[in-house]
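Whatever order the structure lists ligands and atoms in, that order sets their numbers, starting from 1.
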Amino acid sequence: MAPKRLVRASKYIARVLRHDPDRAGLRLDPQGWASVAALLAGLGRANVRLSRAELDEVVAGNDKKRFEFSADRTRIRARQGHSVAVDLGLAPAVPPEVLYHGTVGRFLPAITVEGLRPMNRHDVHLSPDTETATRVGARRGGPVVLAVAAGRMHRDGHGFRVTGNGVWLVAAVPPEYLSGTPGTGPG
Ligand code: HQG
């Protein structure tokens, strides 16, 4: 289990690299990369003091592999989840026939009408299995897992990409591709 301080640092880094680079005085390049030295300096200014070795530990030990280093390890970025404009350079990929989305009951009336929208992120995030989707939904309350007819969507021309840690991204999911999964929500 990571010490509390590293968990706190990890959350701060996620916020900076995905949503708010200004907060740490950072500039992200178009692919979302920031200088490791600048990140550590920015963290220090925000009183989240971290050594390079501890940063390595945060990146390697992160439960969902949220961050990655460049090949020369001088730059770092979030693998997904941005609200700031970045081009992660992910190639289009053919999704499995079914992907899953974990949400909560209170969003279903809107989702049923509008489908899944990226909300504050750049893409809708989909999970390859119901266990992961259940965890994603449970962040907000009693989880409801929706099945997404990803194969059919792809054949209909919707572009999918997959991140290095197995999260599937798509611009939106129209309601006709959604259905409930047994036991977690409306059928
Ligand atoms: C919902 C975490 C109303 C959607 C997780 C979700 C994931 C709608 C929320 C990753 C809607 C957006 C992404 C509509 C979608 N009307 N609500 N039309 N369409 N929603 O956090 O998928 O820890 O942006 O169901 O584990 O929950 O950050 O997306 O509940 O992998 O690495 O609007 O974030 O990863 O919430 O989570 P989010 P998400 P990290």
Side-chain angles (χ1 to χ4, degrees), residues 1-2 4 6-21 23-24 28 32-34 39 48 55 57-69 76-86 88 90 93 95-96 98-150 153 158-181 183-187:
M1 188 62 192
K4 265 200 183 113
L6 295 193
V7 172
R8 184 164 158 254
S10 173
K11 290 195 168 151
Y12 189 88
I13 294 167
R15 162 132 223 107
V16 164
L17 294 180
R18 289 168 163 178
H19 309 298
D20 198 2
R23 177 193 188 110
L28 304 187
W33 296 104
L39 174 67
V48 189
L55 178 64
E57 208 178 306
V58 166
V59 172
N62 191 268
D63 57 346
K64 288 164 72 187
K65 308 222 174 309
R66 290 184 179 85
F67 315 114
E68 63 185 338
F69 285 121
I76 184 170
R77 72 174 176 182
R79 286 180 190 264
Q80 81 274 318
H82 299 80
S83 58
V84 297
V86 292
L88 296 171
L90 299 171
V98 183
L99 286 167
Y100 300 93
H101 180 83
T103 187
V104 284
R106 65 182 183 277
F107 295 154
L108 288 179
I111 290 173
T112 306
V113 176
E114 303 172 353
L116 294 173
R117 297 195 293 121
M119 311 309 278
N120 289 331
R121 307 196 193 237
H122 268 231
D123 302 278
V124 171
H125 287 218
L126 303 174
S127 308
D129 53 77
T130 54
E131 292 74 21
T132 309
T134 301
R135 276 199 300 279
V136 172
R139 284 150 58 237
R140 296 200 162 78
V144 174
V145 174
L146 300 173
V148 175
M153 271 186 82
H158 294 267
F160 285 77
R161 288 163 305 136
V162 62
T163 69
N165 54 354
V167 176
W168 285 85
L169 305 176
V170 65
V173 179
E176 60 267 30
Y177 299 103
L178 290 170
S179 54
T181 55
T184 69

Checklist entry - If you take all heavy atoms of Val136 and Ser127, which pair is closest and at what distance? => result CG2-OG, 4.2 Å
Checklist outcome for this item: Heavy-atom closest pair (Pro143 atom, Thr134 atom, distance to 0.1 Å) is CB-O, 3.5 Å
Checklist entry - Looking at atom 33 (O) of ligand 1, what's its closest protein heavy atom, distance included? => result Met119 CG, 3.4 Å
Next on the checklist: Can you confirm whether Arg23 is buried at CZ, in the sense that more than 12 heavy atoms of other residues, nucleotides or ligands lie under 6.0 Å from that atom?
Outcome noted: yes
Item to check | For ligand 1, the portion of Arg140 having any non-hydrogen atom under 4.0 Å away | outcome: side chain
Checklist entry - Does Asn120 CG have over 12 foreign heavy atoms under 6.0 Å away? => result no
Next on the checklist: So if I count the atoms of ligand 1 from 1 in the order they appear, which ones are less than 4.0 Å from some heavy atom of Ala110?
Outcome noted: 3 (C), 16 (N)
Checklist entry - Does Val136 reach ligand 1, in the sense of a heavy atom lying below 4.0 Å from it? => result yes
Item to check | Donor-acceptor under 3.5 Å (Arg18 side chain, Gln80 main chain) | outcome: yes
Next on the checklist: Among all the protein's non-hydrogen atoms, which is closest to atom 37 (O) of ligand 1, and how far away is it?
Outcome noted: Arg139 NH1, 3.3 Å
Next on the checklist: To check your reading of the model: name the closest protein heavy atom to atom 10 (C) of ligand 1, its residue, and the distance in Å.
Outcome noted: His125 ND1, 3.4 Å
Item to check | Least distance between heavy atoms, Arg79 atom then Phe67 atom | outcome: NE-O, 3.7 Å
Item to check | Nearest-0.5 Å distance that lies between atom CG in Leu17 and atom CD1 in Ile76 | outcome: 5.5 Å
Item to check | Shortest protein heavy-atom distance from atom 19 (N) of ligand 1, along with the residue and atom involved | outcome: Arg117 N, 3.0 Å
Item to check | Smallest separation among heavy atoms of Met153 and Ala172, with atom names | outcome: CE-O, 3.3 Å
Checklist outcome for this item: shortest atom 11 (C) of ligand 1-to-protein heavy-atom contact is with Ile111 CG1, 3.5 Å
Item to check | Sub-4.0 Å heavy-atom contact, His101 with ligand 1 | outcome: yes
Checklist entry - Backbone N or O of Lys64 within a donor-acceptor pair of the Asn62 side chain at under 3.5 Å? => result yes
Next on the checklist: Below 4.0 Å from ligand 1: does a non-hydrogen atom of Gly115 turn up there or not?
Outcome noted: yes
Checklist entry - Below 4.0 Å from any atom of ligand 1, is there a heavy atom belonging to Leu116? => result yes
Checklist entry - Between Arg121, Lys64, Glu114, Arg66, which one has a non-hydrogen atom sitting closest to atom 5 (C) of ligand 1? => result Lys64
Checklist entry - Just distances here: any N/O of Asn120 and N/O of ligand 1 closer than 3.5 Å? => result no
Checklist entry - Among protein heavy atoms, which lies nearest atom 1 (C) of ligand 1, and at what distance? => result Phe107 CD1, 3.7 Å
Next on the checklist: Can you check which of Arg18, Arg79, Lys11, Arg15 brings a heavy atom nearest to atom 32 (O) of ligand 1?
Outcome noted: Arg18
Next on the checklist: Quick check on contacts: which atoms of ligand 1 are under 4.0 angstrom from a heavy atom of Thr103?
Outcome noted: 4 (C), 25 (O), 30 (O)
Checklist entry - CG of Leu6 to NZ of Lys4: how many Å apart, nearest 0.5 Å? => result 12.5 Å
